[in-house]
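Chain identifiers are assigned alphabetically (A, B, ...) following the order of the sequence lines, protein sequences preceding nucleic acid strands; residue numbering begins at 1 within each chain. As a basis for the values below, the full set of heavy atoms in this structure was taken, side chains included, without hydrogen atoms, waters or symmetry mates.
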Amino acid sequence: MSDDKISVFAAGVYRKLGEIPRGKVATYGVLARALGCGSPRAVGQALRANPHAPQVPCHRVVRIDGSLGGYQGEERGAAIQRKQQLLREEGVIFLKDGRVDLASSGFEFPG
DNA sequence: AAAAAGATAGACG
DNA sequence: CGTCTATCTTTTT
């Protein structure tokens, strides 16, 4: 937190997030691949430092297995609860396990 | 400059 | 089901 600006990597992540349609969710792996990186952790780092909270749909990014993961830097349980609420309002389908239905709400980047 | 952490994913036992 | 390793970027010492 030294510069007001952000890295090019984060900017690319936020750009991809804007491509995710409402009611859908993308996975870290797919996002990382769309950015040209094979490490979903790098994407998570960019989202964690997300300077635009609700402006960027960072809550539309979940794990590969449908688990929510985290939100900003909150506790795991709190992050899941908040994300589930937001996604549920957007029309994302949730399974009884508390996971997202990637089979219907899973989004993937073209190309 | 070097080391540690971080919202993952995949492989192994 | 639980544990370890691989991979990339950002942040801190």
Side-chain angles (χ1 to χ4, degrees):
Chain A
M1 296 115 179
S2 300
D3 296 350
D4 288 346
K5 292 188 177 181
I6 54 179
S7 307
V8 188
F9 186 80
V13 176
Y14 305 143
R15 187 194 242 297
K16 289 286 170 191
L17 286 178
E19 277 217 16
I20 304 176
R22 171 179 148 315
K24 293 229 165 173
V25 289
T27 67
Y28 294 94
V30 170
L31 213 81
R33 207 155 57 120
L35 289 165
C37 294
S39 291
R41 270 197 187 176
V43 176
Q45 274 299 106
L47 295 175
R48 176 190 175 277
N50 168 348
H52 320 277
Q55 187 173 330
V56 164
C58 50
H59 54 263
R60 277 187 204 157
V61 186
V62 299
R63 279 202 174 165
I64 189 117
D65 61 316
S67 61
L68 300 182
Y71 188 57
Q72 295 197 320
E74 301 218 355
E75 220 170 301
R76 215 188 152 186
I80 288 172
Q81 256 189 101
R82 189 171 308 216
K83 265 167 92 169
Q84 183 170 21
Q85 178 76 31
L86 286 164
L87 294 171
R88 196 165 136 206
E89 289 286 320
E90 296 212 338
V92 176
I93 312 298
F94 270 84
L95 304 175
K96 70 174 189 179
D97 284 331
R99 300 198 204 258
V100 185
D101 181 10
L102 294 175
S104 194
S105 300
F107 174 77
E108 202 175 334
F109 293 94

What residues, two or more places apart in sequence or in another chain, satisfy salt bridge (charged side-chain N to carboxylate O under 4.0 Å, His left out) together with [X]?
X	value
A/Asp65	A/Arg99
A/Arg15	none
A/Glu108	A/Arg33

- Note on the structure: Winner on side-chain proximity to A/Arg48, out of B/dG6, B/dA9, C/dT10, is B/dG6
- Side chain of A/Cys37 - closest among C/dT9, B/dA9, B/dA7: C/dT9
Restricting to nitrogen or oxygen on both sides, can you table the protein-nucleotides 1-6 of chain C pairs closer than 3.5 Å?
| residue | atom | partner | partner atom | Å |
| --- | --- | --- | --- | --- |
| C/dA6 | N6 | A/Arg41 | NH2 | 3.4 |

- According to the ring pair (Phe, Tyr, Trp, His ring centres under 6.0 Å) rule, which pairs have a member within residues 63-105 of chain A, sequence neighbours left out?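 Every candidate ring pair (Phe, Tyr, Trp, His ring centres under 6.0 Å) pair involving residues 63-105 of chain A fails, so no pair, neighbours aside, qualifies.
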- Task: Could you tell me the separation between the CD atom of A/Gln45 and the C1' atom of B/dG6, rounded to a whole number of Å?
- Result: 4 Å
Distance-only criterion, 3.5 Å: show the donor-acceptor pairs between side-chain atoms of residues 16-27 of chain A and protein atoms not counting sequence neighbours.
| residue | atom | partner | partner atom | Å |
| --- | --- | --- | --- | --- |
| A/Arg22 | NH1 | A/Glu90 | O | 2.8 |
| A/Thr27 | OG1 | A/Val30 | N | 3.3 |

- Message: So, using side-chain contact (heavy atoms from CB on, under 4.5 Å) as the criterion, who are the partners of A/Ser7 when residues are at least two apart?
- Response: none
- Sequence neighbours excluded, the answer for side-chain contact (heavy atoms from CB on, under 4.5 Å) partners of A/Val43 is A/Phe9, A/Val13, A/Tyr28, A/Leu31, A/Ala32, A/Leu35, A/Leu47
- Task: Would you please enumerate the stems DNA chain C participates in, each stem being three or more consecutive Watson-Crick or G-U wobble pairs with both distances under 3.5 Å?
- Result: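 The stems are B:1-6 with C:8-13, B:8-13 with C:1-6.
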- Query: Within the pair A/Ser7 and C/dT9, is there a side-chain N or O less than 4.0 Å away from OP1 or OP2?
  - Reply: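 Checking C/dT9 against A/Ser7, no side-chain N or O comes under 4.0 Å of OP1 or OP2.
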- Query: Where along residues 88-99 of chain A does a heavy atom come under 4.0 Å from DNA chain B, residue by residue in number order?
  - Reply: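 Going residue by residue through residues 88-99 of chain A, none turns out to have a heavy atom under 4.0 Å of DNA chain B.
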- Item | Of residues 56-81 of chain A, the positions that come close to DNA chain B - non-hydrogen atoms, cut-off under 4.0 Å |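 Heavy-atom cutoff 4.0 Å gives A/Cys58, A/Arg63, A/Ile64, A/Gly70, A/Gln72.
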- Query: What residue pairs, at least two apart or across chains, pass salt bridge (Lys or Arg N to Asp or Glu O under 4.0 Å) with a residue in residues 77-88 of chain A?
  - Reply: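 Only A/Glu74-A/Arg82 qualify under salt bridge (Lys or Arg N to Asp or Glu O under 4.0 Å).
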- Message: What contact category does A/Tyr28 fall into here, base, sugar-phosphate, or nothing, at under 4.0 angstrom with non-hydrogen atoms?
- Response: base
